[in-house]
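A quick write-up on the structure given underneath.
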Amino acid sequence: MKLIIQRSDIKGVVNAPPSKSYTHRAIAIAALSKKASVNNPLISEDTKATIRALEAFGASIDSKSKKDTLIINGFEGKPKTPGNVIDVANSGTTLRIMTAVASLADGATVLTGDASIRIRPNTPLLNALNDLGAEAFSTRNNGMAPIVIRGKMRGGRIYIDGSISSQFISALLISCPFARNETSILIKGELKSRPYVNITVRMLQDAGARIIADGLNSFIIPPEQECNMRSYNVPGDFSSASYMMAAGALCGEMVIKNLFPSEQGDAALIEILRRMGAQIQWDEKRGEVKVSKSRLKGISVDVGKTPDLVPTLAVLGAASEGTMVIENAEHVRYKETDRLHAMTVELKKMGVDITEEKDRLIIKGGSIKGAEVHGWDDHRIVMALAVAGMVAGDTTIDTVESVSISYPGFFEDLRKIGAGVS
Ligand SMILES: O=C(O)C1=C[C@@H](OP(=O)(O)O)[C@@H](O)[C@H](O)C1
Ligand SMILES: C=C(OP(=O)(O)O)C(=O)O
């Protein structure tokens, strides 16, 4: 589906949608517990994939659930072997977490996904699960889904590469407490996207699991534990809010609510925008970010911890004065798309001077021109290009339906604040 975005002067208030990352984890940890309610969950295509997967393992959504409260009857760390293949659709987080949960089942589980999922890497996780006593392989022997996992994983000592995806480590942290032996996870190289592992550890500990951080790059997980989540309140999503913050800084005046302090790395956008010269304030108590149109200058930003900000930062850089360098970004190539390449191709169509290197983007800011651009079926590419279109005007974006992955109400919110969307 295509939409046309016009140059927009905006002013308004939106509520950040619930966090996708917290929702995935809350639902998974609830399913690994006896019974728990997940309050204010994000209901989107990605989180629905996690719900379907957990139902396949034996969890159920209680009939007393309401719109803003999912009550989950869990399987207490003992998933049943699914009666069918699990399809995670477009969700990498679901694939990784459920691959590890599958290693707790006695039988074999097959996990697949859409075309994007079936070219994303999983080898470090599969190797780790084999070393921990499960049988894990990809059907094409390339580390990509379809993946087959036969349990049970027993625990033990493993080394894992942290440079491709933190989701491998999060997945192991979520499943290893239920192993019959103690597990030591030793991370090799830089742990990219570390804030997501922090979210995982914090949520598991909140649910009563013991996860011992042994220095910066290793974890010890005692065996035969239980998870006792009872209730979890999902916070607002800073990654989704980034598009509204950028819209405010470039096109008018925005207040984004439901943004409270948490372990989310993408809250770093507030300081990044401040460094670029934006007028931005965060009332942490009220959970409100206020940002208004400012003269921005390009800066250098290390995105090792904040990969999902890259499309937003690329658009901010394109509309700023001077040069924006987005660095330490190689892992951003392994998302729904290769986002370094996708943003380079599309912003070039909009007349932006952008250069793609192995692990960074170099953007010489100036003007952005309206164009016909491709959204790559990637929700973050689509939402970032929508903000570029609000600056440039006359911009047509395709595959806009992909916003249902993480922010189903995105275009309704844009219209609400006065953006030209048709
Ligand atoms: O654990 C998570 O919830 C996520 C981790 C990140 O992926 P990587 O750890 O693969 O960088 C991020 O890109 C993704 O949107 C969500
Ligand atoms: C990469 C993302 O999510 P996932 O890895 O779960 O597909 C994302 O939301 O940008």
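Hydrogens, waters and symmetry mates are skipped; everything else that's a heavy atom, side chains included, is used. Counting convention: from 1, in listed order, for ligands and their atoms alike.
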Q: Dump the intermediate steps for side chain to side chain donor-acceptor pair (under 3.5 Å) on Asp413 and Tyr407, then the final yes or no.
A: CA-CA 10 Å; Asp413 279 354; Tyr407 194 162; 2.6 Å; yes

Q.
Yes or no: does Gln167 have any heavy atom under 4.0 Å from an atom of ligand 2?
A.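 It does; at least one heavy atom falls under 4.0 Å.
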
Hey, is [X] one of the residues with a heavy atom under 4.0 angstrom from ligand 1?
X	result
Pro307	yes
His24	no
Lys335	yes

Residue, atom name and distance, where the atom is the protein heavy atom closest to [atom]:
atom	value
atom 9 (O) of ligand 1	Ser166 OG, 2.5 Å
atom 6 (O) of ligand 2	Thr93 OG1, 2.6 Å
atom 3 (O) of ligand 1	Ser21 OG, 2.7 Å
atom 1 (C) of ligand 2	Glu336 OE1, 2.9 Å
atom 8 (C) of ligand 2	Arg380 NE, 3.4 Å
atom 15 (O) of ligand 1	Asp308 OD2, 2.5 Å

(Q) Does only the side chain of Ser193 get under 4.0 Å from ligand 1, or the backbone, or both, or neither? Count heavy atoms. (A)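 Under 4.0 Å from ligand 1, Ser193 contributes side-chain atoms alone.
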
Below 4.0 Å, non-hydrogen atoms only: which portion of [X] touches ligand 2? Side chain, backbone, both or neither.
X	value
Asn90	backbone
Asp308	side chain
His24	neither
Arg339	side chain
His331	neither

Q: Evaluate the criterion side-chain contact (heavy atoms from CB on, under 4.5 Å) for residue pair Met383 and Ser406; output intermediate values, then yes/no.
A: CA-CA 10 Å; Met383 291 188 278; Ser406 62; 3.5 Å; yes

Quick one: which of [options] has a heavy atom closest to [atom]?
atom	options	result
atom 1 (O) of ligand 1	Arg96, Arg194, Arg25	Arg25
atom 10 (O) of ligand 1	Ser165, Gly304, Ala171, Ser406	Ser165
atom 3 (O) of ligand 2	Lys20, Lys335, His379	Lys20

Q) Are Glu330 and Lys358 close enough for a salt bridge, meaning some N to O gap below 4.0 Å? A)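 A salt bridge links Glu330 with Lys358.
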
Q. Does the distance from a Lys or Arg side-chain N to an Asp or Glu carboxylate O, for Lys348 and Glu356, drop under 4.0 Å?
A.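 Between Glu356 and Lys348 there is no salt bridge, as every charged N stays at least 4.0 Å from the carboxylate O atoms.
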
Counting only heavy atoms not in [X], do more than 12 sit closer than 6.0 Å to its [atom1] atom?
X	atom1	answer
Arg275	CZ	yes
Lys305	NZ	no
Arg286	CZ	no
Glu284	CD	yes
Arg52	CZ	yes
Lys2	NZ	no

Q | Nitrogen or oxygen of Arg120 less than 3.5 angstrom from that of ligand 2 | A |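 Looking only at distances, the answer is yes, because the N/O contact criterion of under 3.5 Å is met.
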
Q.
Pair Ser163, Asp161 - check side chain to side chain donor-acceptor pair (under 3.5 Å), show working.
A. CA-CA 6 Å; Ser163 66; Asp161 175 2; 2.7 Å; yes

Q.
Please report whether ligand 1 has a polar contact with Arg380, defined as an N or O pair separated by less than 3.5 Å (distance criterion only).
A.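 Among all N and O atoms of Arg380, none is under 3.5 Å from an N or O of ligand 1.
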
Q: Evaluate the criterion side-chain contact (heavy atoms from CB on, under 4.5 Å) for residue pair Ile354 and Ile363; output intermediate values, then yes/no.
A: CA-CA 4 Å; Ile354 179 169; Ile363 302 150; 3.7 Å; yes

Q | Asn217 vs Arg194, side chain to side chain donor-acceptor pair (under 3.5 Å): CA-CA, chis, key distance, verdict | A | CA-CA 10 Å; Asn217 276 357; Arg194 181 182 288 272; 2.7 Å; yes

Q: For Gly92, take its heavy atoms, then give the atoms of ligand 2 lying under 4.0 Å from any of them.
A: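 Listed by number with element: 4 (P), 5 (O), 6 (O), 7 (O).
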
